[in-house]
2 protein chains.
Amino acid sequence: MPPRLSAPARREQILDVALEVFANAGFHGASMNDVAEAAGVTKPVLYQHFDSKRDLFQALIEEVGNRLRNNIDKATAEATDGKSQTELGFRAYFRWVADDHDGFRLLFGSGSRRDDDFNDAVRKITEQSAKAIAPLIAVDIDESHRETLAHALVGLAEGASRRLVGLGKEFDPDEIAREVAALAWAGLRAVTPGARHQT
Amino acid sequence: MPPRLSAPARREQILDVALEVFANAGFHGASMNDVAEAAGVTKPVLYQHFDSKRDLFQALIEEVGNRLRNNIDKATAEATDGKSQTELGFRAYFRWVADDHDGFRLLFGSGSRRDDDFNDAVRKITEQSAKAIAPLIAVDIDESHRETLAHALVGLAEGASRRLVGLGKEFDPDEIAREVAALAWAGLRAVTPGARHQT
DNA sequence: ATGGGAACGTACCGAAGGGTAACCGGCGCG
DNA sequence: CGCGCCGGTTACCCTTCGGTACGTTCCCAT
């Protein structure tokens, strides 16, 4: 008979196990019973800690998002020039992906983007990343184009990560980060302003 | 009383309308009744043309995927050197996004990535895109790194598109394509091989 | 005109799953 | 010793939704 846990401990354990379950099966693919079973308890226990399935899932998104954001913020804070900011930012990102496969799949691979509520939560994260990237684009183009390119770079990292995580094999995040950062940095400096309608 | 349609015509109309419905609500968010109602018929009619909800959805993915692939293939076929291939490829991609918002959302935004079956279908598309991009990476690095970077570039276009489609406003695909292609091309040429473990 | 087949609607089934009411049992406290 | 608190379970409800059996209307061909 598994030992009883205190309420806060149980809550943490549920979050842990739910992350894995949802990452594997997706929000719709996993039932509350699945989560409960994986946690070694029964359904009503989940509802003592979370108001609803959506509530639980959103808590996970929030938590994982914070982990990601913290890592990147901490890393880029140490850099002064744009180039090393790019490097360190991507490095932090890929390191996070490398040791939080489940978190990555939860945010970017489990249909979180479909549901309006969840999509908002995920969007906040990508939006913030983009906002951090946008100033690195030196060329003189519209603000909206600059933001679009920033989002493109967020997608750059996401695309690479999806592939890497999808393969299931281990990978060296620093090596990938170096290449991707090089691509991004050189790419950013190559963008040229379009023909302006005269002002 | 709406006129009766011939079987092939009805099938096409269902596909049309289902694309819109699924793009808006996602696979799980839209019921067969929703689709039927939007098509102006009742549920059993859907099942006269498609074996199951999954079957219908998969047909949509297939169709949209083919449209995308054809556009890109046709565009890149006209190019000789890598640089213009890059340009024309991205241009075809963004043009497709610009006038098939629903298709884009279906493939890349409606949780198609979550379900194993659908994920395979979508993956085939990105995989092909990546395979087309990979040869453009000139630098001498591992095949696996090369493919990872190729997938990153697929994500680049996806990230930009997600933003553009999400904003809902119109945009000039050629202008975006020019910038993104410039970024990608210059970026690709800037990637350097890592320190080799000696051979 | 009259059969027949194709398109379509009505009404239903059954399973899955989110959520809840009520009960249970062990540990700590007076 | 007993009593109450709290983590936990059992058993259930109810809605949603994928899928289907069967009846009905309309058009076309002989």
Side-chain angles (χ1 to χ4, degrees), chain A residues 1-61 106 110-112 114-118, chain B residues 1-61 106 110-112 114-118:
Chain A
M1 196 104 305
R4 299 195 160 189
L5 295 184
S6 76
R10 181 61 80 189
R11 184 191 159 94
E12 284 310 307
Q13 187 235 0
I14 289 175
L15 282 171
D16 272 7
V17 87
L19 172 60
E20 190 184 331
V21 172
F22 281 128
N24 280 328
F27 178 74
H28 292 286
S31 72
M32 286 299 257
N33 263 328
D34 293 339
V35 176
E37 191 177 0
V41 291
T42 53
K43 219 183 349 173
V45 175
L46 303 185
Y47 286 93
Q48 287 170 3
H49 298 277
F50 303 94
D51 287 347
S52 65
K53 188 187 185 185
R54 308 179 68 78
D55 187 43
L56 168 58
F57 196 78
Q58 197 118 26
L60 283 174
I61 291 182
L106 187 87
S110 65
S112 311
R114 181 55 257 160
D115 188 280
D116 278 344
D117 293 346
F118 304 152
Chain B
M1 196 104 306
R4 296 197 163 189
L5 295 183
S6 76
R10 181 62 80 189
R11 185 191 159 94
E12 284 310 308
Q13 187 234 1
I14 289 175
L15 282 171
D16 271 7
V17 113
L19 172 59
E20 189 184 331
V21 172
F22 280 130
N24 281 327
F27 178 73
H28 292 284
S31 71
M32 286 300 258
N33 262 327
D34 294 338
V35 176
E37 191 177 359
V41 291
T42 54
K43 223 181 348 172
V45 175
L46 303 185
Y47 286 94
Q48 287 171 3
H49 298 277
F50 303 93
D51 287 346
S52 65
K53 187 185 184 184
R54 309 181 67 79
D55 187 42
L56 168 57
F57 196 78
Q58 197 118 26
L60 282 174
I61 291 182
L106 187 88
S110 65
S112 310
R114 181 57 259 160
D115 188 280
D116 278 345
D117 292 347
F118 304 152

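Heavy-atom basis, side chains included; hydrogens, waters and symmetry copies ignored. Quick note on labels: first sequence line is chain A, next is B, and so on, each numbered from 1.
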For this session: Give a yes or no on whether a donor-acceptor pair under 3.5 Å exists between the nucleobase atoms of C:dG9, that is its base, and the side chain of B:Lys43.
Result: no
For this session: Check if the side chain of A:Gln48 and the base of D:dG7 share a donor-acceptor pair of N or O atoms closer than 3.5 Å.
Result: no
Nearest to the side chain of [X], which nucleotide is it out of [options]?
| X | options | answer |
| --- | --- | --- |
| B:Lys53 | D:dG18, C:dG19, C:dG9 | D:dG18 |
| A:Pro44 | D:dG18, D:dT10, C:dC8 | D:dT10 |
| A:Arg4 | D:dG8, D:dC26, D:dG19 | D:dG8 |
| B:Val45 | D:dG19, D:dG7, C:dC8 | C:dC8 |
| B:Val41 | C:dG9, C:dA21, C:dA7 | C:dG9 |
| B:Tyr47 | D:dT9, D:dT20, C:dA6 | D:dT20 |

Exercise. What is the nucleic acid contact for B:Thr42, judged by heavy atoms within less than 4.0 Å: base, sugar-phosphate only, or nothing?
Worked result: base
For this session: Could you check whether A:Ser6 gets within reach of a base, just the sugar-phosphate, or nothing at all, counting any heavy atom under 4.0 Å?
Result: nothing
How long is the line joining [atom1] of [X] and [atom2] of [N], in whole Å?
| X | N | atom1 | atom2 | result |
| --- | --- | --- | --- | --- |
| B:Asn33 | D:dT20 | CG | P | 15 Å |
| B:His49 | C:dA6 | NE2 | P | 13 Å |
| A:His28 | C:dA16 | NE2 | C1' | 14 Å |
| A:Ile14 | D:dG7 | CD1 | P | 11 Å |
| B:Arg54 | D:dC17 | CZ | C1' | 14 Å |
| B:Phe22 | D:dC17 | CZ | C1' | 12 Å |
| A:Met32 | D:dT15 | CE | C1' | 17 Å |
| B:Phe57 | D:dG18 | CZ | C1' | 16 Å |

Exercise. Any chance CD of B:Glu37 has more than 12 other-residue heavy atoms, nucleotides or ligands included, within less than 6.0 Å?
Worked result: no
Problem set entry | Euclidean distance, A:Asp115 CG relative to A:Phe57 CZ, rounded to 0.5 Å | 8.5 Å
For this session: Determine: side-chain N/O of A:Arg10 to OP1/OP2 of D:dC6, distance under 4.0 Å, yes or no.
Result: no
For this session: Quick one: closest heavy-atom pair of B:Ile14 and B:His49, and the distance?
Result: CD1-CD2, 3.8 Å
For this session: Verify whether one side chain among A:Ser31 and A:Asp34 offers a donor that lies under 3.5 Å from an acceptor in the other.
Result: yes
Exercise. According to the interplanar angle, ranging from 0 to 90°, do the rings of B:Phe118 and B:Phe27 count as parallel (below 30°), tilted (30 to 60°) or perpendicular (above 60°)?
Worked result: perpendicular
Problem set entry | DNA chain C: 5'-proximal contact among B:Leu5 and A:Ala30 (nearest heavy atom) | B:Leu5
